[in-house]
Amino acid sequence: MRWLWIVVLLLGSVPARASDIRNILFLNSYHSGYTWSDTIMDGARQTLLAARKDVYIQMEFMDTKRFADARHLEELYQYYRSKFAGITFDVILASDNAAYDFVQRYGDELFPGTPVVFCGVNDVAPREVLHRERTTGVLEEFDMEANVRLMREFFPN
């Protein structure tokens, strides 16, 4: 959850609006009830609300485990374009590859200039992260050899 502290620090540097509420968009790649992403989402919510009381977190479920085709993503784009017209977010949290890819593709049009913090992203090289001046996060790297070594250490038999 190190990436969440990046968000907390980032929010501290965002100029206050009249309402003084920090508006956060959490783009979840999957659907509600998917344990993997629900745990990440719950941890993000708890960490942010523990650090700051002046946040509003808008949760969006992209449901790409079940609908990953280009048509679905285009429909999400159209839906978010309508839904978030006139709304400004202080930061976007993108959980997992589908949300990250979506923000990389459509973010400039939907949320121009908005900082992005991502987690759970794999198969992306650090040099491929776009808009590095306002995008940060944690890239996952899978190390099979180290994992097997660790399994043998904890479960030698």
Side-chain angles (χ1 to χ4, degrees), residues 1-11 13-52 54-142:
M1 289 300 188
R2 293 177 301 179
W3 63 277
L4 283 176
W5 289 111
I6 296 170
V7 174
V8 171
L9 292 171
L10 183 65
L11 288 175
S13 67
V14 174
R17 293 188 301 267
S19 66
D20 207 28
I21 299 290
R22 302 303 191 258
N23 201 14
I24 300 170
L25 174 61
F26 190 106
L27 276 182
N28 185 322
S29 291
Y30 307 121
H31 55 278
S32 180
Y34 185 55
T35 306
W36 165 260
S37 59
D38 283 357
T39 302
I40 293 170
M41 192 176 62
D42 290 343
R45 183 184 303 120
Q46 290 171 11
T47 302
L48 289 168
L49 293 175
R52 299 185 65 109
D54 61 345
V55 296
Y56 172 75
I57 306 169
Q58 170 76 40
M59 301 285 185
E60 290 294 325
F61 297 92
M62 296 175 62
D63 204 9
T64 61
K65 267 288 184 219
R66 296 183 281 201
F67 306 99
D69 58 275
R71 182 173 155 234
H72 177 67
L73 296 175
E74 178 62 28
E75 289 170 348
L76 282 176
Y77 162 73
Q78 295 298 334
Y79 174 64
Y80 293 156
R81 193 173 92 172
S82 173
K83 182 175 185 174
F84 299 130
I87 296 175
T88 301
F89 291 100
D90 294 299
V91 66
I92 297 169
L93 305 180
S95 178
D96 236 295
N97 280 65
Y100 168 82
D101 292 341
F102 185 87
V103 171
Q104 293 297 302
R105 180 171 180 187
Y106 297 111
D108 282 343
E109 185 176 340
L110 294 174
F111 319 107
T114 303
V116 176
V117 179
F118 59 86
C119 71
V121 173
N122 47 50
D123 300 323
V124 174
R127 68 184 173 283
E128 294 174 1
V129 175
L130 299 177
H131 313 294
R132 294 189 63 90
E133 69 281 358
R134 63 179 167 85
T135 302
T136 190
V138 177
L139 296 171
E140 293 181 356
E141 288 187 27
F142 185 70

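Predicted, not measured: the structure shown is a model, and the values here were computed from it. Count residues from 1 along the sequence.
When all heavy atoms are compared, the tightest approach of L27 to F102 is CD1-CD2, 4.1 Å. The shortest non-hydrogen separation linking T39 to T35 is OG1-O, 2.9 Å. Contact detail for L25 and E60: the closest heavy-atom pair is CD1-CG, 3.7 Å. The minimum heavy-atom distance linking F61 with H31 is given by the pair CD2-C, 3.7 Å.
Remark: side-chain polar atoms of D90 are paired, donor with acceptor, to backbone N or O of N23 under 3.5 angstrom. At least one donor-acceptor pair under 3.5 Å links the side chain of N97 to the backbone N or O of N122. Side-chain atoms of S29 come within 3.5 Å of backbone N or O of A99 as a donor-acceptor pair. Judged purely by atom type and a 3.5 angstrom limit, T135 has no side-chain atom pairing as donor or acceptor with the backbone of V116.
Counting only heavy atoms from C-beta outward, the side chains of W36 and D96 approach each other to under 4.5 Å. When side chains are defined from C-beta on, C119 counts as touching S95, because their heavy atoms get closer than 4.5 Å. In this structure the side chain of M59 never reaches within 4.5 angstrom of the side chain of N28, judged on heavy atoms. Inter-residue side-chain proximity for T64 and Y30 is flagged as met; some heavy-atom pair is nearer than 4.5 Å. Annotation: side chain of Q104 is not in contact with side chain of F118 (no heavy-atom distance under 4.5 Å). Considering only heavy atoms from C-beta on, M41 stays 4.5 Å or farther from L93 through its side chain.
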| request: With side-chain contact (heavy atoms from CB on, under 4.5 Å) as the test, would you mind laying out the steps for F89 and L110 before giving the verdict? | output: CA-CA 10 Å; F89 291 100; L110 294 174; over 6 Å; no
| request: Would you sort out whether T114 and V103 count as a side-chain contact (heavy atoms from CB on, under 4.5 Å), showing the intermediate values? | output: CA-CA 10 Å; T114 303; V103 171; over 6 Å; no
| task | Could you walk me through whether F84 and Q58 pass side-chain contact (heavy atoms from CB on, under 4.5 Å), step by step? | result | CA-CA 11 Å; F84 299 130; Q58 170 76 40; 4.0 Å; yes
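The CG atom of D69 sits 7.5 Å away from the NE2 atom of H72 when rounded to the nearest 0.5 Å. Taken to the nearest 0.5 Å, the CD atom of Q78 stands 8.0 Å off from the OH atom of Y106.
Side-chain polar atoms of Y80 and E109 form no donor-acceptor pair below 3.5 angstrom.
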